[in-house]
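All of these numbers come straight from a predicted model, not from anything done at the bench.
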Amino acid sequence: MELILACCQQDQDDLLRNGGILYPQLEETLLALSKKFRLFIVSNCQKGYIETFYAYHKLDFLDFENPGRTGLSKGENIQLIMERNHIKNAVYVGDIQRDMLSAKFAGISFVFASYGFGKPEEYDYIIEKPIDLLNIF
(Lines give C-alpha, C1' and ligand atoms only; values in the text may rest on other atoms or scores of the structure.)
Protein backbone atom coordinates (compact mmCIF):
# COMPACT_ATOMS: atom_id res chain seq x y z
CA MET A 1 0.00 0.00 0.00
CA GLU A 2 2.92 2.33 0.73
CA LEU A 3 4.20 1.83 -2.84
CA ILE A 4 0.75 2.51 -4.34
CA LEU A 5 0.41 5.73 -2.34
CA ALA A 6 3.90 6.83 -3.39
CA CYS A 7 3.06 6.16 -7.05
CA CYS A 8 -0.19 8.13 -6.74
CA GLN A 9 1.69 11.05 -5.21
CA GLN A 10 4.33 10.95 -7.96
CA ASP A 11 1.57 10.86 -10.56
CA GLN A 12 0.01 13.99 -9.09
CA ASP A 13 3.40 15.74 -8.82
CA ASP A 14 4.08 15.01 -12.50
CA LEU A 15 0.61 16.19 -13.52
CA LEU A 16 1.00 19.45 -11.61
CA ARG A 17 4.42 20.06 -13.21
CA ASN A 18 3.68 18.92 -16.79
CA GLY A 19 -0.08 18.66 -17.16
CA GLY A 20 -1.79 15.94 -19.11
CA ILE A 21 -2.43 15.49 -22.79
CA LEU A 22 -5.95 16.69 -23.48
CA TYR A 23 -8.04 15.39 -26.34
CA PRO A 24 -8.11 17.72 -29.37
CA GLN A 25 -10.66 20.54 -29.00
CA LEU A 26 -11.59 19.42 -25.47
CA GLU A 27 -11.13 22.87 -23.95
CA GLU A 28 -13.25 24.57 -26.63
CA THR A 29 -15.91 21.90 -26.27
CA LEU A 30 -16.10 22.29 -22.50
CA LEU A 31 -16.24 26.07 -22.81
CA ALA A 32 -19.14 25.87 -25.28
CA LEU A 33 -21.00 23.30 -23.16
CA SER A 34 -20.48 25.35 -19.98
CA LYS A 35 -22.42 28.22 -21.54
CA LYS A 36 -25.52 26.00 -21.74
CA PHE A 37 -25.01 23.39 -19.02
CA ARG A 38 -23.46 22.94 -15.60
CA LEU A 39 -20.43 20.62 -15.87
CA PHE A 40 -19.21 18.14 -13.26
CA ILE A 41 -16.59 15.39 -13.02
CA VAL A 42 -17.08 11.95 -11.52
CA SER A 43 -14.01 9.78 -11.84
CA ASN A 44 -12.42 6.63 -10.42
CA CYS A 45 -9.22 8.51 -9.61
CA GLN A 46 -7.47 8.83 -6.29
CA LYS A 47 -8.03 11.71 -3.89
CA GLY A 48 -6.23 14.84 -5.05
CA TYR A 49 -5.93 13.91 -8.74
CA ILE A 50 -8.82 16.04 -9.99
CA GLU A 51 -7.65 19.00 -7.91
CA THR A 52 -4.19 18.67 -9.47
CA PHE A 53 -5.71 18.41 -12.95
CA TYR A 54 -7.73 21.59 -12.28
CA ALA A 55 -4.66 23.43 -10.99
CA TYR A 56 -2.62 22.79 -14.13
CA HIS A 57 -5.23 22.98 -16.89
CA LYS A 58 -7.45 25.68 -15.36
CA LEU A 59 -10.60 23.89 -16.52
CA ASP A 60 -13.72 25.01 -14.73
CA PHE A 61 -16.15 22.42 -13.43
CA LEU A 62 -18.71 23.23 -10.76
CA ASP A 63 -18.16 20.15 -8.61
CA PHE A 64 -16.42 16.79 -8.70
CA GLU A 65 -16.29 13.50 -6.89
CA ASN A 66 -14.20 10.35 -6.72
CA PRO A 67 -13.95 7.23 -4.56
CA GLY A 68 -10.70 8.54 -3.04
CA ARG A 69 -12.78 11.13 -1.22
CA THR A 70 -16.01 9.23 -0.59
CA GLY A 71 -15.26 5.51 -0.74
CA LEU A 72 -18.37 5.17 -2.92
CA SER A 73 -18.83 3.57 -6.33
CA LYS A 74 -18.96 5.70 -9.47
CA GLY A 75 -22.74 5.31 -9.68
CA GLU A 76 -23.13 6.39 -6.05
CA ASN A 77 -20.80 9.35 -6.67
CA ILE A 78 -22.90 10.40 -9.68
CA GLN A 79 -25.96 10.31 -7.44
CA LEU A 80 -24.10 12.29 -4.77
CA ILE A 81 -23.15 15.03 -7.27
CA MET A 82 -26.75 15.13 -8.51
CA GLU A 83 -28.14 15.44 -4.99
CA ARG A 84 -25.57 17.98 -3.86
CA ASN A 85 -26.19 20.18 -6.91
CA HIS A 86 -29.97 19.67 -7.19
CA ILE A 87 -29.73 18.03 -10.62
CA LYS A 88 -32.81 16.34 -12.04
CA ASN A 89 -31.56 15.49 -15.57
CA ALA A 90 -28.01 14.58 -16.46
CA VAL A 91 -25.86 12.60 -18.86
CA TYR A 92 -22.60 10.82 -18.17
CA VAL A 93 -19.83 10.67 -20.76
CA GLY A 94 -17.59 7.62 -20.46
CA ASP A 95 -15.83 4.91 -22.38
CA ILE A 96 -16.13 1.62 -20.52
CA GLN A 97 -18.83 -0.81 -19.43
CA ARG A 98 -18.54 0.31 -15.81
CA ASP A 99 -19.32 3.89 -16.90
CA MET A 100 -22.47 2.69 -18.65
CA LEU A 101 -23.50 0.65 -15.61
CA SER A 102 -22.81 3.62 -13.32
CA ALA A 103 -24.99 5.91 -15.44
CA LYS A 104 -27.73 3.29 -15.44
CA PHE A 105 -27.39 2.92 -11.64
CA ALA A 106 -27.86 6.70 -11.30
CA GLY A 107 -30.81 6.67 -13.70
CA ILE A 108 -29.24 8.95 -16.31
CA SER A 109 -28.30 8.76 -20.00
CA PHE A 110 -24.90 7.51 -21.11
CA VAL A 111 -22.75 8.97 -23.89
CA PHE A 112 -20.17 6.46 -25.16
CA ALA A 113 -16.84 8.11 -26.00
CA SER A 114 -15.70 5.62 -28.65
CA TYR A 115 -12.15 7.05 -28.69
CA GLY A 116 -11.60 5.64 -25.20
CA PHE A 117 -10.64 2.22 -23.91
CA GLY A 118 -13.77 0.10 -23.78
CA LYS A 119 -16.79 -1.20 -25.62
CA PRO A 120 -19.90 -0.79 -23.47
CA GLU A 121 -22.83 -3.03 -24.36
CA GLU A 122 -25.35 -0.16 -24.57
CA TYR A 123 -25.41 3.60 -24.78
CA ASP A 124 -27.82 6.42 -25.50
CA TYR A 125 -25.43 8.42 -27.68
CA ILE A 126 -22.01 7.84 -29.21
CA ILE A 127 -19.24 10.33 -29.97
CA GLU A 128 -15.98 9.87 -31.86
CA LYS A 129 -14.31 12.99 -30.44
CA PRO A 130 -15.21 15.43 -27.64
CA ILE A 131 -16.46 18.17 -29.97
CA ASP A 132 -19.18 15.77 -31.20
CA LEU A 133 -20.98 16.54 -27.93
CA LEU A 134 -21.90 19.92 -29.44
CA ASN A 135 -23.87 18.13 -32.16
CA ILE A 136 -25.89 16.22 -29.55
CA PHE A 137 -26.35 18.89 -26.90
Side-chain angles (χ1 to χ4, degrees):
M1 185 49 99
E2 190 176 323
L3 177 60
I4 290 171
L5 293 174
C7 288
C8 288
Q9 184 59 54
Q10 184 63 52
D11 191 32
Q12 287 176 215
D13 292 345
D14 291 344
L15 181 60
L16 187 58
R17 192 172 28 262
N18 304 313
I21 299 170
L22 300 179
Y23 287 106
Q25 299 178 299
L26 177 64
E27 291 174 288
E28 301 94 313
T29 302
L30 294 174
L31 181 61
L33 288 171
S34 72
K35 292 179 180 178
K36 298 191 317 189
F37 305 103
R38 298 182 297 158
L39 303 179
F40 305 89
I41 294 179
V42 176
S43 176
N44 287 334
C45 65
Q46 70 269 18
K47 184 178 179 182
Y49 189 87
I50 294 173
E51 297 91 324
T52 304
F53 180 80
Y54 279 170
Y56 184 88
H57 290 286
K58 311 290 189 239
L59 297 175
D60 193 22
F61 290 84
L62 297 175
D63 197 0
F64 68 91
E65 204 51 85
N66 63 68
R69 288 187 350 163
T70 65
L72 300 174
S73 71
K74 185 177 276 186
E76 292 168 315
N77 280 328
I78 291 170
Q79 287 181 327
L80 182 62
I81 286 283
M82 291 177 70
E83 290 168 13
R84 199 161 59 208
N85 293 280
H86 311 286
I87 299 167
K88 300 280 187 238
N89 298 306
V91 299
Y92 189 83
V93 179
D95 66 339
I96 60 173
Q97 180 73 7
R98 186 182 318 178
D99 294 335
M100 182 273 294
L101 294 172
S102 298
K104 190 175 277 198
F105 177 87
I108 62 174
S109 296
F110 175 64
V111 177
F112 170 42
S114 65
Y115 49 88
F117 298 105
K119 300 270 189 254
E121 294 172 3
E122 346 172 357
Y123 48 84
D124 299 293
Y125 306 95
I126 186 170
I127 59 172
E128 294 180 9
K129 52 193 175 300
I131 202 160
D132 292 345
L133 287 168
L134 300 180
N135 297 324
I136 300 171
F137 305 105

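- By the criterion of side-chain heavy atoms lying less than 4.5 angstrom apart, applied directly or through intervening Ile, Leu, Val, Met, Phe, Trp or Tyr residues, V93 is not grouped with F40; the two fall into different hydrophobic clusters.
- At a threshold of 4.5 Å between non-hydrogen side-chain atoms, the residues P130 and Y115 count as touching.
- To the nearest 0.5 Å, atom CG of residue D63 and atom CE of residue M82 are 13.0 Å apart.
- Ring planes of Y123 and F112: tilted class, angle from 30 to 60°.
- P120 is listed as a side-chain neighbour of F110, based on a closest heavy-atom distance under 4.5 Å.
- Side-chain atoms of N85 do not come within 3.5 Å of backbone N or O of I87 as any donor-acceptor pair.
- Under the 4.5 Å side-chain heavy-atom criterion for grouping Ile, Leu, Val, Met, Phe, Trp and Tyr, L33 is not connected to I126 through any hydrophobic cluster.
- More than 12 heavy atoms of other shown residues, nucleotides or ligands fall within 6.0 angstrom of atom CG in N18.
- Criterion: ILVMFWY side-chain heavy atoms under 4.5 Å apart, direct or through other members. Under it, L22 and V111 are part of a common hydrophobic cluster.
- With hydrogens and angles disregarded, no donor-acceptor distance shorter than 3.5 Å links the side chain of D14 to the backbone of D11.
- Closest heavy-atom contact between Y49 and Q12: N-OE1, 3.6 Å.
- For the residue pair L39 and L30, the shortest heavy atom distance occurs at CD1-O, 3.5 Å.
- Remark: the backbone N or O of F64 is paired with a side-chain donor or acceptor of R69 at under 3.5 angstrom.
- F137 and V42 fall into different hydrophobic clusters, where Ile, Leu, Val, Met, Phe, Trp and Tyr are joined by side-chain heavy atoms under 4.5 Å apart, directly or via other members.
- Around CG of L5, the count of heavy atoms belonging to other residues, nucleotides or ligands within 6.0 Å exceeds 12.
- Residues L133 and F37 share a hydrophobic cluster, clusters being chains of Ile/Leu/Val/Met/Phe/Trp/Tyr side chains in contact below 4.5 Å.
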Q | CA sep, side-chain torsions, deciding dist, call: Y23, T29, side chain to side chain contact (heavy atoms under 4.5 Å, CB included) | A | CA-CA 10 Å; Y23 287 106; T29 302; over 6 Å; no

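- A pairwise comparison of heavy atoms in S43 and I50 identifies CB-CD1, 4.1 Å as the closest pair.
- When all heavy atoms are compared, the tightest approach of S109 to A103 is O-CB, 4.0 Å.
- Pairing each heavy atom of G20 with each of L15, the nearest pair is N-CD1, 3.4 Å.
- What you find for F53 and L59 is that their closest heavy atoms are CE2-CD1, 3.5 Å.
- Atom-to-atom distance recorded for K129:NZ and N135:CG is 8.0 Å, nearest 0.5 angstrom.
- Distance CE/M100 to CG/D95: 12.5 Å, rounded to 0.5 Å.
- Under a 3.5 Å cut-off, the side chain of E83 and the backbone N or O of L80 do not form any donor-acceptor pair.
- The distance from atom CD of E121 to atom NZ of K119, rounded to the nearest 0.5 Å, is 13.5 Å.
- With hydrogens and angles disregarded, no donor-acceptor distance shorter than 3.5 Å links the side chain of R98 to the backbone of K74.
- In this structure, E28 CD and L134 CG are separated by 10.0 Å, a value rounded to the nearest 0.5 Å.
- Using a distance-only test at 3.5 Å, with no hydrogens or angles considered, no donor-acceptor pair links the side chain of Y125 to the main chain of V91.
- From E65, atom CD reaches atom SG of C45 across 9.5 Å, with rounding to the nearest 0.5 Å.
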